[in-house]
Amino acid sequence: MSDGDRISRLLRTKLRGAGRQYAEARQAFDDGRIEGLDLPTQEGKARIVCRRHAEQRTVELDSDLRPSCFDADHPDCQGCVEDIRTDCIETW
């Protein structure tokens with residue numbers, strides 16, 4: 001095995017490790033951000049009352065604090081996200 005192959009393999013290994021570490025740190029940051037909102041959760045999902053459908057839901061929140069059911073074109077969904085960000089969303 002040549003020195004170039006060793007260096008290439010070493011770099012790939014280190015970059016993969018750094019990528020995994022970044023993904024773990026990003027997930028921890030997102031989890032902490034959501035937990036900092038003081039929303040009740042169930043199995044890692046936020047328990048909110050959907051404004052659009054007026055029903056209780058358990059939803060995952062993305063890094064921008066948008067629920068998985070978010071529709072950017074619907075005003076109720078936009079209001080829901082604003083309520084989540086200001087920590088005044090209705091929960092159950």
Side-chain angles (χ1 to χ4, degrees):
M1 187 180 303
S2 70
D3 288 339
D5 291 339
R6 289 181 193 163
I7 291 172
S8 176
R9 187 175 65 190
L10 175 67
L11 285 174
R12 279 194 309 269
T13 302
K14 294 297 181 182
L15 287 173
R16 268 187 253 141
R20 278 190 220 102
Q21 189 175 17
Y22 172 78
E24 291 170 1
R26 180 68 186 186
Q27 184 63 45
F29 174 79
D30 289 343
D31 290 347
R33 185 173 174 193
I34 292 168
E35 288 173 8
L37 291 175
D38 198 29
L39 290 174
T41 59
Q42 180 177 348
E43 298 175 6
K45 297 180 179 181
R47 295 186 331 194
I48 64 170
V49 176
C50 175
R51 286 176 131 197
R52 183 175 182 181
H53 300 285
E55 66 184 14
Q56 296 176 343
R57 291 187 172 188
T58 56
V59 294
E60 291 185 16
L61 300 178
D62 67 10
S63 60
D64 293 326
L65 301 178
R66 293 180 304 215
S68 54
C69 57
F70 177 73
D71 178 5
D73 296 328
H74 201 281
D76 284 341
C77 291
Q78 293 169 359
C80 182
V81 170
E82 290 173 14
D83 286 351
I84 290 172
R85 290 179 181 160
T86 59
D87 203 16
C88 66
I89 187 78
E90 186 176 348
T91 61
W92 54 278

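Positions are given from 1, in the same order as the sequence printed here.
- Applying the salt bridge (Lys or Arg N to Asp or Glu O under 4.0 Å) test to Arg66 and every residue at least two apart in sequence or in another chain returns Asp62, Asp64.
- Within the hydrophobic cluster formed by Ile, Leu, Val, Met, Phe, Trp and Tyr side chains joined at under 4.5 Å, directly or through other members, Leu11 is accompanied by Ile7.
- Here the closest non-hydrogen pair linking Leu65 and Val81 is O-CG1, 4.1 Å.
- Taking the side-chain hydrogen bond (donor to acceptor under 3.5 Å, both in side chains) definition, one finds that Glu55 meets it with Arg57, sequence neighbours left out.
- Hydrophobic clustering, with ILVMFWY side chains joined whenever heavy atoms are under 4.5 angstrom apart, groups Ile89 together with Val59.
- The stretch residues 71-82 participates, sequence neighbours left out, in these salt bridge (Lys or Arg N to Asp or Glu O under 4.0 Å) pairs: Arg52-Asp71.
- Partners of Asp83 under the salt bridge (Lys or Arg N to Asp or Glu O under 4.0 Å) rule, at least two apart in sequence or in another chain, are Arg51.
- With sequence neighbours excluded, no residue satisfies salt bridge (Lys or Arg N to Asp or Glu O under 4.0 Å) with Arg47.
- Nearest approach of Pro67 to Cys80, heavy atoms of both residues: CG-SG, 4.4 Å.
- Rounding to the nearest 0.5 Å gives a distance of 9.0 Å between CG of Leu10 and CG of Leu15.
- Sequence neighbours left out, the pairs with a member in residues 6-25 that pass salt bridge (Lys or Arg N to Asp or Glu O under 4.0 Å) are Asp3-Arg6.
- Remark: side-chain polar atoms of Glu90 are not paired, donor with acceptor, to backbone N or O of Ile48 under 3.5 angstrom.
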